[in-house]
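Following: one structure in structure tokens, then a few remarks.
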There are 2 protein chains.
Amino acid sequence: MANLKQLAQSLGLSITTVSRALDGYADVSAATRERVRDAADKVGYRPNASARRLRRQRAELVAVTLPSDPGHIGPPHFLDMLSGCAEHLAAAGLNLVIAPVPRGESELDICRRFVDGRRVDAMLLVRTKRKDERVEFLQSRGIPFVTNGRTESLLPHPYIDGDGFAGFRAATLRFHAAGHRRIGHIAGPQEYYFAHDRCRGWRAAMEECGLATDLCAEGAPLEQGGYLAALELLRQPSRPTALVCATDEMAIGALRALREVDGGNQISIVGHDDLAMGAFTSPPLSTMRMTGENLGASFASLLLRAIAGEPAEELQELHAIEFVDRDSHRHPAKAA
Amino acid sequence: MANLKQLAQSLGLSITTVSRALDGYADVSAATRERVRDAADKVGYRPNASARRLRRQRAELVAVTLPSDPGHIGPPHFLDMLSGCAEHLAAAGLNLVIAPVPRGESELDICRRFVDGRRVDAMLLVRTKRKDERVEFLQSRGIPFVTNGRTESLLPHPYIDGDGFAGFRAATLRFHAAGHRRIGHIAGPQEYYFAHDRCRGWRAAMEECGLATDLCAEGAPLEQGGYLAALELLRQPSRPTALVCATDEMAIGALRALREVDGGNQISIVGHDDLAMGAFTSPPLSTMRMTGENLGASFASLLLRAIAGEPAEELQELHAIEFVDRDSHRHPAKAA
DNA sequence: CTTGACTCCCAAAACGTTTTGGAGAATCTT
DNA sequence: AAGATTCTCCAAAACGTTTTGGGAGTCAAG
């Protein structure tokens, strides 16, 4: 409500002293420090953010880019993650701003605008692609950033990711151990790293078991995409007896396809993400999830450390995947 | 990459002229304007955001508060809405920042911090409560804001909301017309305006039809809450034959309860929100949705108009509710 | 040749903070 | 008692922009 000058005047002190008192410098006596702080509390003084940012040459802002295609808006727990991240950043005096992608502009344009306008101190990128131009741009500019998901960039960069390869390999091997031989994969768009990674995991397991890898269909990473991809696999002359789906949303779409085609409850299925919804599908959806809790806090921590200048190599977290067993993966490996 | 001073120097012009040329003022000749703009493009000049904000006394920022309880994080299309809103705000030079609520602080504290630190020009509030302290605070401070959902505040304020009363009344009357007499309501937490509004709609219809209003159970606005509430209603001596659920997520939880108790497909059910998931439940979930498209753009427009000083009365949008009929509402009104 | 209008440009102030580089007084050292 | 040290405090610069209030020219009219 007031500014430093007024506060200083009312106390009969200089602006300098008031500022330093509030920041807790040792070169102002304990007595005045107290006096200043009391007065500041009483008038409800808050430093003007813009002025501080200008003087400190820091934006006190971190931007997170939202993918533009509706529905493609990142993992389902995205909002919880954002919230947690924003909360921990706030504790360090940083706010999280949303960087949407307007029609006609690329995600790269957005990065450019935020970075070149010195609007942010760092960026958070979600839904990385295998070749991600945003990553290359930010690396060339030397702006700190963290991605949710790896990329195939040559230079290392900070990221947090789940080990989709290991997870999908394990899930596929488990179906194999349960007697399944025709195990299909419902894949997400392969330009995304996560989708490609998970597909590779399934493929690796199939090859280890000496099985053909033709039971694979790709679709948009949503219910509809999973539904269509499942129908495609079910049209095959020799149907799969188990399905490994890139995401829970795709798996839920696939469940509907199964219900329509063979009444359901014949084909095993497993998803990934541990959507809350999964416990309420019919049958309840077995799934996988990245280990580790409070992802948002991890992102915030990595961002802060990246801003502090830690090298990228030390800012990479690859989390293991754990099974969340419900019912949908238990169907027997009958012949079709 | 450069600042105004350097740019001016390289052109042999004053800072003033360069600044005004870039802003398109008429008092700089067309020739120099062109020259300045070309040079600015070439060096990729972007004005320093902090400096402009300080000088203009505007934060160029709008904050949206996220409810803290995980899962309670607003309506399901929330992220799409945010994205759309941020996009349209960006076109007006405003960015959207996320204001999470750290543990131990109230949503009011957050508002206070953002407003008193002059960090934002306006605020966007979601998931309003009937008595919402944030609204009262912002009104007392005279800060522009828009809410997603009405409140019972005495002073009018800008909002966008769906007419939950009319929607739930209509849904209930439709069940009555289809022969249902025991129509239950699965309600959200009544301190939220939307939950109370929807409950009132159901209740009004029941009373119009001369039916008792005791088949009502309240739960958290999530799958689990709907599941538990449905179980409660199904334990009643005289079961409902139809359920009107405050949200789709609750309805999906209720669907599971129905499957467990009577094998499903006996009791009609309808939700609200038109979650994409609803098309893939078993049975596909009939639901309702607020009319109007690109909600985010509407929020952005209202925010801009509120900042421009338009009176609150002209910034209120109450949208009609439309049915989205799938299968779950068609079960006959058998005797229990 | 003056006057006024018009065009094009600029110096300087202002926004509210943080930080630099001391200044003056009090206290300690020798 | 003089010098060194410590303790408090402060004036002024700086961050990069926008905006105010002109100041030179040029030109046409009187």
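In what follows, chains are A, B, ... by sequence order, proteins preceding strands, each numbered from 1. No hydrogens, no waters, no symmetry mates; every other heavy atom, side chains included, goes into these values. Given the structure is predicted, the values throughout are model-derived calculations rather than measurements.
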Side-chain ion pair, Glu60(B) and Arg119(A), N-O less than 4.0 Å: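 Yes, Glu60(B) and Arg119(A) are salt-bridged.
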salt_bridge(Asp121(A), Arg58(A)) N-O dist < 4.0 Å: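 Here Asp121(A) does not pair with Arg58(A) in a salt bridge, since their nearest N and O are not under 4.0 Å apart.
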Selection: residues 52-63 of chain B, any non-hydrogen atom under 4.0 Å of DNA chain C: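 By residue number: Leu54(B), Arg55(B), Gln57(B).
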At under 4.0 Å, does any side-chain N or O of [X] touch on OP1 or OP2 of [N]?
X        : N       : answer
Ser50(B) : dC15(D) : no
Thr17(B) : dC9(C)  : no
Thr32(B) : dC9(C)  : yes

Helix axis bend for the helix from dC1(C)-dG30(D) to dT30(C)-dA1(D) - C1'-based end axes, five pairs, 10° rounding: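 Nearest ten degrees gives 60° for this helix.
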Minimum side-chain heavy-atom gap Ile143(B)-Phe137(B) below 4.5 Å: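 No, side chains not in contact.
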Within-4.5 Å side-chain heavy-atom neighbours: Leu318(B) and Arg150(B):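 They are in contact (side-chain heavy atoms under 4.5 Å apart), so the answer is yes.
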From dC8(C), dT18(D), dT20(D), nucleotide with atom closest to Leu4(B) side chain: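 Within the option list, the nearest is dT18(D).
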Nucleotide of dT18(D), dA11(C), dT17(C) approaching Ser14(B) most closely (side-chain heavy atoms):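 Closest nucleotide to the Ser14(B) side chain: dA11(C).
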DNA chain C: 5'-proximal contact among Thr16(B) and Tyr25(A) (nearest heavy atom):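 Here Thr16(B) is the residue nearer the 5' end.
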Nearest-Å distance for atom pair CZ/P, residues Arg46(A) and dT17(C):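 In whole Å, dT17(C) P lies 13 Å from Arg46(A) CZ.
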Heavy atoms of other groups near Arg113(B) CZ, more than 12 under 6.0 Å: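 Open: at most 12 neighbouring heavy atoms sit under 6.0 Å from CZ of Arg113(B).
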